[in-house]
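Working notes, beginning with the structure itself.
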Amino acid sequence: MADLKTNTAGIESPNPFWLASAPPTNTGDQVMRAFDAGWGGAVWKTLGEPIVNTWSRYSAIDYNGMKMIGLNNIELITDRPLEVNLKEIVEVKKRYPKNALIVSLMVESKRETWHEIVKKACDAGADGLELNFGCPHGMSERGMGAAVGQVPDYTCQITEWVKEASTVPVLVKLTPNITDVRYAARAAKKGGGDGVSLINTINSITGIDLDTFAPRPTVAGKSSHGGYCGPAVKPIALNMIAEISRDPETYGLPISGIGGISTWRDAAEFMLLGASTVQVCTAVMHYGFRIVEDMIDGLSNFLDEKDMTLAELIGASVKRVDDWKNLDLNYVVNASINQDKCIGCGLCYTACNDGAHQAIGAKRGDNGRTDVWVIEENCVGCNLCSLVCPVDNCISMKQIPTDADPCTWTEHTGGSGKLAPRPQDDQHRVTERMNRS
Amino acid sequence: MTTRRGDGPEFAELKPPLSKDEALAEANRCLYCYDAPCTRACPTHIDVPAFIKKIASGNLRGSGKKILEANILGFSCARVCPTEELCEGACVLNDLHGHKPIAIGKLQRYATDPIVLEKGGRPLFSAPDNKNGRSVGIVGAGPSGFGCAAELCQRGYDVTIYEAADKPGGLNTYGVADYKLSQQAGLAEVEWVQQLGAKLVLNTRVGEDVSFDELAEKHDAVFVGVGLGPVPALGIPGEDLDGSQDVLEFIAELKSKPKAECSLAGKTVAVLGGGNTAIDGVTQSTRLGAEKVYLVYRRGAGEMGAYEHEVELAKLDGVEFVYWAQPVEIAGNGKVQTLRCARTRVDGGKLVVDEGDTFELAVDRVFRATGQAKLRDFFKSAGIDVDAKGRPVADEDGKTSRDGVWTGGDCRNGGKEVVNAVAEGKTAAIAIDRALSA
């Protein structure tokens, strides 16, 4: 079994799987049950001044019969008294000394107020602090959460205040509701933050009830934008983590990855882009703490199979994320259909014909099936057919050797590279159709 | 198995309706094929992927309309179609390892039930307010007749349907296995189609109560969808005994009467034949409580005309299949007591009955399902040419040798599915419209 011990910004953890600051970490009882189930760490539900919540708080996007591919919430920070939370943190830390217990914080933007709560959290035994500069709903209207995270100067300033008082590592939780996350990460680093965690939830309205015309989640006939999370947001999170990982100004800044992580595979992807720990919420809200068992087991088996350590995995894909201008324009692939596997649904044909490059032919076969084939001179290797094909490994993208050397856009426009021949947009297909009509 | 049958639940629907969740999950499994094989396999060419996508999107009314505009009897076809042989049999998912075909029949039912069973609301289909002044007479209120009538009504024709029985619907009312389509459901569909305004004249046998020529005179065109006749007697001794019956008569009874009055509790039943109607005979006998049910067929399992999934149903019911057996005599004291069969074999490609090698089955009922008679005489007296098999000669639209007369359904195709009959009725209607508008 691979060693899954990890460390984010000095916060040690028996495995990289943490619960994100959210409803699953609302109480000591939940956190202890999570640790019993195997979670390596937990970020306590954000502490701050007591708030009052609405009753109806969550709504979800279902897709094609799959429940909750995206979850939205308008819940605020903890609604339990600070003293109760702190007492439970003390208790949990005493019973689970080896697990990482991080305390999330959010108070009004006053130095003394931050100092006060940071001290209380440190005194309670927190292994680390997470500054909630990301919550996009409710709290942001009061100048907290995303309202701080969206202004790099504020992010830097408050991080500095926290660092003045903190005795433990500080993670700055970033909001994705921003045009370029690198500015936020740079500000966190500048303020002395020991690492960043991202992404927080995305501003969202999940939908409108078509009978009542009320948005969801509906509170007495109205709603408010909430924070979107769950499997649907994963690609957005991966990109933001990659951006920070490969930014020369924040290169090497410890990252705790968040955003739609449901399985060990998701976790491995976040780690390949530089996250040393990952945080999970929606999947636990859907299936409970027990999911960590397969996350640990799966990641461990994966590392054993690859004969890698966790440290080797972390960041291994960062150098493979690059600017578009540095991609090889002479790397040629074409679709290839395995006729033995084809079931004749014709989806590749209709997708390519209407949605891509008219590079797949179709006709009714003798056996009553739809026969399909690749029109190689039209194929630009876009992948779409292989994406819509319902059969595993039926359509694959095959590399076509060319005599040309690699050539990037930079090289091409700079005059140092030579483009390989590529499919020309054959005007005659357009005119043929126009002549017919 | 000692479970007693015949007390009700056994006649529960073979394919119960889908819940909303089930329907959505199933609809979302559909790949939405290009030039979909399911649509090609349907005799009425329902745009299956389109109606399924509409279920998935929550456009149930649009889904039902998609089905019913292609097949006005889409409600009953959803229940009685041998989907395993048609749309579902053609589903590409059959070829994808580990996948089952989309339950198209059940989804079709999900989309059409609310339209046909729930009264009120905006009608999906209607006849134009201004009739075109032409009238068409339809002989037979079965699936082909209604397929024809619905199309003509929507095209502005004045349509009158003549039916010999006291209820409309044809085999949907009297002949389809009850666990697929109850008489009540069949009649509900007829009532729904009737909203289009076709006039229905019941208890009127054309050729007896009213002459065919009279009809031809009265209407601008006539469509004949009379179906097939009864199952003829085999011509063996004892067929007149109490308990020996045409299987269709038996099915019509059990569909029309309370099940308790048709109980076969404790009885032993033999059904003669190897087609789908024979299967209907045995499966309904078990459901009526028969102690023991035989299916007696003169050839082997491989030669049976019944669909494989139908045979499977009978096997699950515990029916005993007696192959290579030709009934030669029914005997009993006033009522059926034994069925004597001679063993058969194939010799030089021909079926040989060994009269000397017989065996007896102790039975209380003998239902013959050995094929319905063609209505040769009816067509002849109507002045319509028939072929060697006794079916009216007709072109691909159903136009017969007699001017102004079209035909379709079982009488023309020799006995196929409800969906074929609807398709033929509709095709004929379009041809009639074309001819009369010329």
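What you see is a predicted model; the values in this text were computed from it and never measured. The chains referred to below are lettered A, B, ... by the order of the sequence lines, with proteins before strands, and numbering in each begins at 1.
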> With respect to chain B, which residue among A:N64, A:V391, A:T370 yields the maximal number of heavy-atom pairs within a distance under 4.5 Å?
Replying inline: A:N64

> Can you list every pair that meets salt bridge (charged side-chain N to carboxylate O under 4.0 Å, His left out) and has a residue in residues 43-52 of chain B, with sequence neighbours left out?
Replying inline: none

> Atom OH in B:Y110, atom CD1 in B:I55: separation rounded to 0.5 Å?
Replying inline: 7.5 Å

> Do you know which of B:E26, B:R40, B:R29 has the most heavy-atom pairs with chain A at a distance under 4.5 angstrom?
Replying inline: B:R40

>> What I want to find out is whether B:R391 reaches B:D387 closely enough, with some N-O distance under 4.0 Å, to be called a salt bridge.
In response: yes

> Is chain B contacted by the side chain of A:A362, its backbone, both, or neither, given a heavy-atom distance below 4.5 Å?
Replying inline: side chain

> What part of B:L31 lies closer than 4.5 angstrom to a heavy atom of chain A: side chain, backbone, both or neither?
Replying inline: both

>> I'd like to know if B:K106 pairs up with B:E88 as an ion pair, taking the criterion as any Lys NZ or Arg NE/NH1/NH2 lying under 4.0 Å from an Asp or Glu carboxylate oxygen.
In response: no

